[in-house]
Amino acid sequence: MKARVTAKGDLCCYNNARGDGKVFSFDLLESVDGEIRVTCSNVVVDCFYGVIEVEKVYLISKGSLKPAQKNFNHLKNQWEIFLEANLIMEHCPNEDGSIARQQFSIRPISEIENVENDTILDAIRIVITVNPSVPIMRKNGMETQRRILNLKYSSGKSVELTLWGELCNKEGQLLQEMLDSGSYPVLAVKSGKVNDFSGKSIRTISSTQLFIIQIFRRHVD
DNA sequence: CCCCCCCC
């Protein structure tokens, strides 16, 4: 397949009953078949973890298909690819415009109120407020950052989006600067999680990605 | 072939 890397996971080293190992996953987008997660381990990690870059297009052969692990993988695909040491992977230096940078599965505007808690969804909304980042002590004693935004939901309504961790810094800071300077960014949220604390809201998880896809200037009469 | 998602 020829596909673009849309996300790259962290390198995980583990030690369990079967011994030591390392593993990492990345996500691919193909122009016809859409998105799929790829996982590889050990010697394949050594060859490719440092090489694979988000947004680049690769030709990949000889991966094996297996059912998607829906607990960890929220992509719209019932399959995953596992790459073993016999894989063939090469970078396509000619950018292929037929493959998007990311794929979003947007639900109808009225739907979020009826979406079940913990659902993973995508959303494309105008950001109408951005609160400062604040430190939060997690239940495990580790400190993290939290930043609450409001996304325009329908006329007169907004839905809260809570950013956690690193997303508060680069992306959250940029969004705050845009609002402060009189712009309304349109934010695409890939893989946000629906929360049910005093009404429905959305929060980021570690696989959430944020994209600013358009910017409106504030209207002045 | 690991990770199970953070605060009120």
Side-chain angles (χ1 to χ4, degrees), chain A residues 5-28 35-50 52 54 60 62-87 89 112 115-123 129-151 158-172 189-210:
Chain A
V5 176
T6 56
K8 182 176 170 181
D10 293 328
L11 175 61
C12 292
C13 297
Y14 62 89
N15 175 286
N16 62 19
R18 278 170 291 196
D20 292 331
K22 47 192 157 180
V23 64
F24 97 104
S25 294
F26 56 98
D27 297 340
L28 291 176
E35 56 192 3
I36 191 163
R37 172 146 307 166
V38 182
T39 300
C40 56
S41 64
N42 301 324
V43 63
V44 183
V45 173
D46 293 336
C47 293
F48 292 105
Y49 180 73
I52 289 172
V54 173
I60 298 174
K62 297 185 190 272
S64 8
L65 280 179
K66 46 174 263 179
Q69 299 183 74
K70 287 295 179 184
N71 288 352
F72 315 116
N73 174 358
H74 310 115
L75 301 185
K76 211 174 176 179
N77 199 321
Q78 59 173 313
W79 300 99
E80 291 179 359
I81 294 171
F82 187 72
L83 294 178
E84 291 169 76
N86 66 343
L87 86 155
M89 176 150 55
I112 188 167
V115 164
E116 220 177 296
N117 210 16
D118 293 338
T119 300
I120 304 291
L121 50 67
D122 302 337
T129 62
V130 179
N131 290 313
S133 187
V134 295
I136 296 286
M137 190 61 77
R138 291 167 56 180
K139 285 170 185 159
N140 68 4
M142 302 278 281
E143 194 177 276
T144 185
Q145 296 293 309
R146 184 194 68 187
R147 193 194 274 275
I148 296 174
L149 326 184
N150 276 281
L151 309 180
S158 66
V159 63
E160 215 169 69
L161 170 68
T162 305
L163 307 187
W164 286 99
E166 266 308 301
L167 290 175
C168 294
N169 302 327
K170 187 163 157 266
E171 289 88 345
V189 181
K190 173 73 175 176
S191 301
K193 192 166 194 171
V194 173
N195 203 17
D196 210 355
F197 182 77
S198 67
K200 297 285 186 198
S201 59
I202 304 172
R203 71 175 189 269
T204 64
I205 57 176
S206 65
S207 54
T208 303
Q209 290 178 306
L210 302 177

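Every chain is numbered from 1, with letters handed out A, B, ... down the list of sequences.
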Would one find a side-chain N or O of [X] under 4.0 angstrom from OP1 or OP2 of [N]?
X	N	result
A:Arg18	B:dC2	yes
A:Tyr14	B:dC3	no
A:Lys139	B:dC7	yes

Without decimals, in angstroms, what is the distance between [X] [atom1] and [N] [atom2]?
X	N	atom1	atom2	value
A:Glu84	B:dC1	CD	P	9 Å
A:Gln145	B:dC5	CD	P	21 Å
A:Asn42	B:dC2	CG	C1'	10 Å
A:His74	B:dC4	NE2	C1'	9 Å
A:Asp196	B:dC7	CG	P	16 Å
A:Asp10	B:dC3	CG	P	14 Å
A:Gln209	B:dC5	CD	C1'	16 Å
A:Gln69	B:dC2	CD	P	8 Å

Base, sugar-phosphate or nothing for A:Asn15? Non-hydrogen atoms, less than 4.0 Å.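 No contact at all - A:Asn15 keeps every heavy atom at 4.0 Å or more from the nucleic acid.
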Measure across [X] and [Y] and return the closest heavy-atom pair with its distance rounded to 0.1 Å.
X	Y	result
A:Lys66	A:Gln69	NZ-NE2, 4.2 Å
A:Leu83	A:Phe26	CD1-CZ, 4.0 Å
A:Cys168	A:Leu163	SG-O, 3.3 Å

Give the residues of residues 160-168 of chain A touching DNA chain B, defined as any heavy atom closer than 4.0 Å, sorted by residue number.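 The answer is A:Trp164.
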Could you list by number each residue of residues 130-137 of chain A showing a heavy-atom separation from DNA chain B of less than 4.0 Å, or answer none if no residue does? A:Ile136
Nearest to the side chain of [X], heavy atoms from C-beta on, is which of [options]?
X	options	result
A:Phe82	B:dC1, B:dC5, B:dC7	B:dC1
A:Asn16	B:dC4, B:dC2, B:dC8	B:dC2
A:Phe72	B:dC3, B:dC8, B:dC2	B:dC3

Any N/O donor-acceptor pair, A:Ser25 side-chain to B:dC2 base, under 3.5 Å: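 Side chain to base: pair found, below 3.5 Å.
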Ignoring hydrogens and angles, answer whether the base of B:dC1 and the side-chain atoms of A:Thr39 contain a donor-acceptor pair closer than 3.5 Å. no
Side-chain donor-acceptor pairs under 3.5 Å in residues 192-200 of chain A, sequence neighbours left out?
residue: A:Asn195; atom: OD1; partner: A:Arg203; partner atom: NH1; Å: 3.0
residue: A:Asp196; atom: OD2; partner: A:Lys200; partner atom: NZ; Å: 3.4
residue: A:Lys200; atom: NZ; partner: A:Val115; partner atom: O; Å: 2.9

Taking the nucleotide of DNA chain B with the closest heavy atom to each, which residue, A:Ser207 or A:Ser41, is nearer the 5' end?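 With A:Ser207 and A:Ser41 compared, the 5'-side residue is A:Ser41.
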Could you work out, with side chain to side chain contact (heavy atoms under 4.5 Å, CB included) as the rule, every residue matching A:Glu84, not counting sequence neighbours?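 With sequence neighbours excluded, A:Glu84 shows a side chain to side chain contact (heavy atoms under 4.5 Å, CB included) to A:Ser64, A:Phe82, A:Asn86, given in chain and number order.
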When you look at CD of A:Glu143, are more than 12 heavy atoms from neighbouring residues, nucleotides or ligands closer to it than 6.0 Å? yes
Qualifying residues under side-chain hydrogen bond (donor to acceptor under 3.5 Å, both in side chains), relative to A:Thr39, sequence neighbours excluded: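 A:Thr39: side-chain hydrogen bond (donor to acceptor under 3.5 Å, both in side chains) contacts with A:Ser25.
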With sequence neighbours left out, the residues meeting ring pair (Phe, Tyr, Trp, His ring centres under 6.0 Å) with A:Phe48 are none
side-chain hydrogen bond (donor to acceptor under 3.5 Å, both in side chains) with A:Ser133: of A:Gln145, A:Arg146, A:Arg147, only one passes, and it is A:Gln145
Side chain to side chain contact (heavy atoms under 4.5 Å, CB included), that's the test. Do A:Thr162 and A:Thr204 meet it? Break it down for me. CA-CA 6 Å; A:Thr162 305; A:Thr204 64; over 6 Å; no
